[in-house]
Amino acid sequence: MALAQQSALWRRATSLIPGGVNSPVRAMRSVGLDEPIFMRSGDGAWIEDVSGNRYVDWVMSWGPLIFGHADPETLAAVADALQRGTTFGAPTEAEVDLAAEIVDAVPSVEMVRLVSSGTEAAMSAIRLARAFTRRDRVIKFDGCYHGHSDALLARAGSGLATLGIPGTPGVPTGAAGDTIVCGYNDIDGVAAAVARYGEGLAAIVVEPVAGNMGVVPPEPGFLDVLRTLCDASGALLVFDEVITGFRVARGGAQELYGVLPDLTILGKIVGGGLPLAAFGGRADVMERLAPAGDVYQAGTLSGNPLATAAGLSVLRRLRDPAVYAALEAKAVRLEAGLAEFGHVQRVGAMLTMFCRELDDPVRDFEGASACDTDRYGVLFRGLLERGVYVAPSQFECLFVSLAHGDEEIDRTVSAVGDVLGN
Ligand SMILES: *Cc1c(COP(=O)(O)O)cnc(C)c1O
């Protein structure tokens, strides 16, 4: 009965929605499933599918749910906002409060604009950097994902890596023609690219901890070199902290590593599980945005009242350092358990177990690509049978939330042992 419902849903979905899903990785094809699992509810660290199966969830909607599913405080804040209307298209107090919260938390951010998705934030930050520097070129890194805007969709990590396609038709040659791709952690490579293109370089954009090829931390000095190269060339340094913001520390990777970008892209946690993202940074750069300045950027639902209520509810609780201590302890416990079965890389509450024989660090996309994705597929399917839901792709993270307790962690580790152990 329940299974029939799942399959009926899938048949309807594929006839109405391309590939049956609204974002490609959800199709779960790369891990060997014929049809994706339809989910119907979540509660804390657990998610439930339409057939009534419950799983410990390590996807957490790909990062936003730092307090877990259906967090009562977030729900109450949204319900409260809901009573007053869902959207006004005019300024509201909560937007100012959320902006203040972000500026207080993220060290380099002096002013911020709210948008509705990480894609939109990244696209707008690049436009702003280009306008400010009056230059066109952008350096990005192989395996880093910054949403699906044309200019940034070159060698962009997980979604594409999962599908095994390098780029996408439909992006005009010109739109990606000013995008230069360097290897992550390749200091010499990026220095050479800046030497060659520096005069026309608007920005270097980077995930300060890569999360879209699995977790790949910056090697010592990598972020500092990017800062130095930007200062020397006049390009802006843009950190995409859509995953790392409010996750690896309250102030993101820039707080953790002590390197300050000119612009920061935020998403996921900042919206508390509703569609909200942001970009911010130096006031002199941000004030170039219309209507203060001449760079156009806009959004009907930007700063939406439900999303700002959710974001505020979450961000205010993240002021307490005990939150990050708790996240760290949980993540350490999970890492220690998993380390027996694969090569684990972790920064704060994000980690990846790479299925590979070698135990040397994965430092770039090439290293990540060398993983055994078939083995990962076996792991994914085996975990699913045992009530544990991890990302349907090797090139993603396990997202630890405050809702994950020792029980969920230990259950996960023993399930992994069941599937992969001897
Ligand atoms: C998820 C993600 C984005 C895109 O955000 P969307 O809200 O999915 O558009 C951009 N950058 C990074 C690093 C991400 O992980």
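For the numbers below, each heavy atom of this structure counts, side chains included, while hydrogens, waters and symmetry mates do not. Computed from a predicted model, the values in this text were never measured in an experiment. In what follows, residues are counted from 1 in the order of the sequence shown.
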Exercise. Are Gln345 and Thr352 close enough, and set up right, to give a side-chain hydrogen bond (donor to acceptor under 3.5 Å, both in side chains), and what steps lead you there?
Worked result: CA-CA 5 Å; Gln345 297 193 176; Thr352 298; over 6 Å; no

Taking atom [atom1] of [X] and atom [atom2] of [Y], what is their separation to the nearest 0.5 Å?
| X | Y | atom1 | atom2 | answer |
| --- | --- | --- | --- | --- |
| Lys140 | Asp240 | NZ | CG | 10.0 Å |
| Ile102 | Phe279 | CD1 | CZ | 11.5 Å |
| Ile243 | Lys268 | CD1 | NZ | 4.5 Å |
| Glu48 | Asp57 | CD | CG | 12.5 Å |

For this session: May I ask you to check whether Phe141 and Phe222 place their ring centres under 6.0 Å from each other?
Result: yes

When you measure from the side chain of [X] to the backbone N and O of [Y], does any donor-acceptor pair fall under 3.5 Å?
| X | Y | value |
| --- | --- | --- |
| Gln83 | Asp80 | no |
| Asp372 | Arg356 | no |
| Arg288 | Asp284 | no |
| Arg363 | Asn185 | yes |
| Arg137 | Ala202 | no |

For this session: Applying side-chain contact (heavy atoms from CB on, under 4.5 Å) between Phe132 and each of Leu263, Val295, Val285, report the one that passes.
Result: Val285

For this session: Assess Arg317 against Phe67: is NZ or CZ under 6.0 Å from the centre of the six-membered ring, and within 45 degrees of the ring's axis?
Result: yes

Between [X] and [Y], does at least one N-O distance fall below 4.0 Å, as a salt bridge requires?
| X | Y | answer |
| --- | --- | --- |
| Arg333 | Asp410 | yes |
| Asp104 | Arg316 | no |
| Arg282 | Asp262 | yes |
| Arg250 | Glu101 | yes |
| Arg381 | Glu385 | no |

Exercise. Going by atom types alone, do Arg113 and Gln297 pair a side-chain donor with an acceptor below 3.5 Å?
Worked result: yes

For this session: State whether a side-chain donor-acceptor pair under 3.5 Å links Glu366 with Ser369.
Result: no

Exercise. Are side-chain heavy atoms of Leu98 and Leu276 found at a separation under 4.5 Å?
Worked result: yes

Exercise. Between Thr244 and Glu241, does a side-chain hydrogen bond (donor to acceptor under 3.5 Å, both in side chains) hold up when you go through it step by step?
Worked result: CA-CA 5 Å; Thr244 53; Glu241 299 231 39; 2.6 Å; yes

For this session: Show your working on side-chain hydrogen bond (donor to acceptor under 3.5 Å, both in side chains) between Asp49 and Tyr55 and close with a plain yes or no.
Result: CA-CA 8 Å; Asp49 69 18; Tyr55 311 91; 2.6 Å; yes

